[in-house]
Amino acid sequence: MLSCKFFRQSAEMLLKVFLVLLLNLAEHNINHCSYLPHATPDFTNLSSLELVSSLKKLNLNGNFDFENTRRVANDFGNRYHFLPMAVLLPKTVSDISTTIKHVINMGHNSELTVTARGHGHSLQGQSQSHGGIVISMESLEEPKMHVHTGEQPYVDVSGGELWINILHETLKQGLSPKSWTDYLYLTVGGTLSNAGISGQAFRYGPQINNVHRLEIVTGKGDILNCSAKENADLFYGVLGGLGQFGIITRARISLEPAPRSVKWIRVLYSDFNLFTKDQEQLISSDISFDYIEGFVIINRTGLINNWRSTFSPREPLQASQFSSEGKTLYCLEMAKYFNPEDGNIINQETEHLLSKLNYISHTLFQSEVSYVNFLNRVHLSEIKLREKGLWDVPHPWLNLLVPKSKIYSFAEEVFGHILTDTSNGPILIYPVNQSRWNHKTSMVTPSEDVFYLVAFLTSAMPSSSGSDGLENILTKNKRILDFCEMAKLGAKQYLPHFDTQDGWRAHFGPRWDVFARRKLTYDPLSILTPGQRIFRKGRAIS
Ligand SMILES: Cc1cc2nc3c(=O)[nH]c(=O)nc-3n(C[C@H](O)[C@H](O)[C@H](O)COP(=O)(O)OP(=O)(O)OC[C@H]3O[C@@H](n4cnc5c(N)ncnc54)[C@H](O)[C@@H]3O)c2cc1C
Ligand SMILES: *[C@@H]1O[C@H](CO)[C@@H](O)[C@H](O)[C@H]1NC(C)=O
Ligand SMILES: *[C@@H]1O[C@H](CO)[C@@H](O)[C@H](O)[C@H]1NC(C)=O
Ligand SMILES: *[C@@H]1O[C@H](CO)[C@@H](O)[C@H](O)[C@H]1NC(C)=O
Ligand SMILES: *[C@@H]1O[C@H](CO)[C@@H](O)[C@H](O)[C@H]1NC(C)=O
């Protein structure tokens, strides 16, 4: 029971307890709006009115919305707000194709661009289109979700489908996708355009590794099916392709039998080396947990005191173990899937796995939850944060992939010097082994087999000039990035964001040529997804 209490508290902590402190500031920030300079819509030759009327004449199953455009001029990052000219609410794939073909026929005469918007949970305007057309992918009504059972089960879904809906639908057949994100109110098209990384990726690879087949509308308006065998260049290009080559309208996702329950376990470390050695050992064993993540807790002035209250009073902690100021703790988080009838075996297996770990004794927290509640855990935090008005704040998140050989130097500098506390949001840190991942996709990773995902999931108060202020957090982010650069860590951004094409070239490195060549092939006019700021309509691709 007490461990349940811990989990309730720590679930909230995942999207953070500390936000309560900021409650009073939250209201100031609701209408925070910023437009980038130099980005005024410029329909050079056609007037907007002519554009609107030409769009209205298109023969669609769905429709355009020209009025209610402000709601898509936002995203989870809540820092960029680009107003589109129109929102397409497509019903069918052909609506998307027709629209793109129309934009192409207008040629270079306008700056009109097209952006697929999934659930709009990107961070820096990637799902927005200044003065362009935003396609609301969740409106797409085809295909109807369909689960195929059998030896190698899969589900066919629309590119605009939310992962939470896929979970509920596949569970009806006792099945489930294999690889997840921590949060499920994201669309298939949105996560497949990046990677989809969570605690299962060490075993199955990211979500882009668990897709058999896609249907794509390219930047030329062509509707193509693709897979590893058919149109393979497009297939791999689109996976992790940041929306640059086509719009994902359907996907075939690999499934496995779903467990009913999950043992959810957390243990604490004060020694970073022990923590990472244990994580690395767990991801490399054949018999292991089904989910492995971890996070960092820094509070130079004593967050640890708060933590103590979540421990069981039956196992009181020696205050001396934790009270030292400036101590950083590392929490290893694991989950074991099971069905209740196998409870005993699973208990033994779990105990055996835990017996090999070197965490601080008495810091083991266990709980059992349903599979759905485990996968959907962040949604519980979302509900609480929304109630407090703390969900729609700016999120200057930074996600990095750091090679294993450099993780110690990284931690020493970033957790030891740059950051003074984790009160602005959780910092996730866990390793994956990419040796069995598919390397033909557009996703960029460090060159070592094993690398760490380090996610700084901060929330900011724009009106604050304190450490919780946006500017301060952005400055820290920059210091982290500068350190990675200067120390030549070979780290890569995940959910990457660069302001210049040089930044993008450096990110892709030797793979830039393939990326640019695919752009020329599938979206030669650079109509698609300008919000990534990689290519620009009207500029040559090189
Ligand atoms: C609370 C939270 C938790 C998260 N946890 C994780 C995590 O654990 N692991 C992880 O990997 N990521 C995580 N993310 C990041 C998330 O996976 C990405 O931001 C993802 O892009 C969001 O999906 P979306 O449907 O909201 O996409 P959007 O923001 O709508 O779109 C993202 C990009 O993809 C493009 N796009 C969208 N749909 C399509 C399509 N059908 N075809 C082509 N391009 C398309 C858009 O144009 C845009 O450029 C998290 C995000 C949040 C907010
Ligand atoms: C469109 O505008 C550009 C720049 O303003 C101009 O160079 C071009 O000739 C115009 N094209 C047409 C068809 O009017
Ligand atoms: C793509 O495949 C689906 C079945 O998965 C089919 O219904 C559709 O017609 C195909 N589209 C094209 C353009 O071949
Ligand atoms: C990563 O996976 C490869 C292939 O399975 C294996 O040879 C290697 O030892 C693994 N590395 C770690 C650290 O687990
Ligand atoms: C850090 O520790 C101090 C002292 O216990 C506490 O008052 C503060 O709330 C902690 N900060 C956070 C963000 O929890």
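In listed order, ligands and their atoms are each counted from 1. Bear in mind that the values here come from a model prediction, so they are computed numbers and not experimental data.
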Distance-only donor-acceptor check, side chains Q532 and W504, under 3.5 Å | no

If we ignore angles and hydrogens, is there a donor and acceptor under 3.5 Å between the side chains of T445 and Q434?
-> yes

Closer than 4.0 Å to some heavy atom of [X] - which atoms of ligand 1 meet that?
X	value
G243	44 (N)
T191	17 (O)
G246	43 (C)
R117	30 (O)
T115	47 (O)
T529	47 (O), 49 (O)
I197	7 (C), 8 (O), 9 (N), 10 (C), 11 (O)
G196	11 (O)

Please indicate whether any nitrogen or oxygen in [X] is less than 3.5 Å from any nitrogen or oxygen in ligand 1.
X	value
Y494	yes
G118	yes
L242	no
Q532	yes
S198	no
T181	no
Y183	no
F76	no
T187	yes

Using a 4.0 Å heavy-atom cut-off, say whether D449 meets ligand 4 through its side chain, its backbone, both or neither.
-> neither

Could you list the residues that satisfy salt bridge (Lys or Arg N to Asp or Glu O under 4.0 Å) with D233, not counting sequence neighbours?
-> R517, R518

Answer yes or no for R436: is there a heavy-atom contact with ligand 4 below 4.0 Å?
-> yes

Mark the output for I283 as yes if a heavy-atom distance to ligand 4 is under 4.0 Å, and as no if none is.
-> no

Taking the inter-plane angle between the rings of Y183 and W391 on a 0 to 90° scale, is it parallel (under 30°), tilted (30 to 60°) or perpendicular (over 60°)?
-> tilted

How would you list, by chain and number, every residue that makes a ring pair (Phe, Tyr, Trp, His ring centres under 6.0 Å) with H379, sequence neighbours excluded?
-> Y185

Return the set of residues passing ring pair (Phe, Tyr, Trp, His ring centres under 6.0 Å) with Y430 (not counting sequence neighbours), or none when no residue passes.
-> none

Do any N/O atoms on S435 end up under 3.5 angstrom from N/O atoms on ligand 4?
-> yes

Polar atom proximity, N433 to ligand 4 (N or O, under 3.5 Å) = yes

Applying a heavy-atom distance cut-off of 4.0 Å, which protein residues contact ligand 3?
-> R213, E215, I223, N225, R250

A quick test of your reading: do over 12 heavy atoms of other residues, nucleotides or ligands sit less than 6.0 Å from [atom1] of [X]?
X	atom1	answer
I383	CD1	yes
H352	NE2	no
K356	NZ	yes

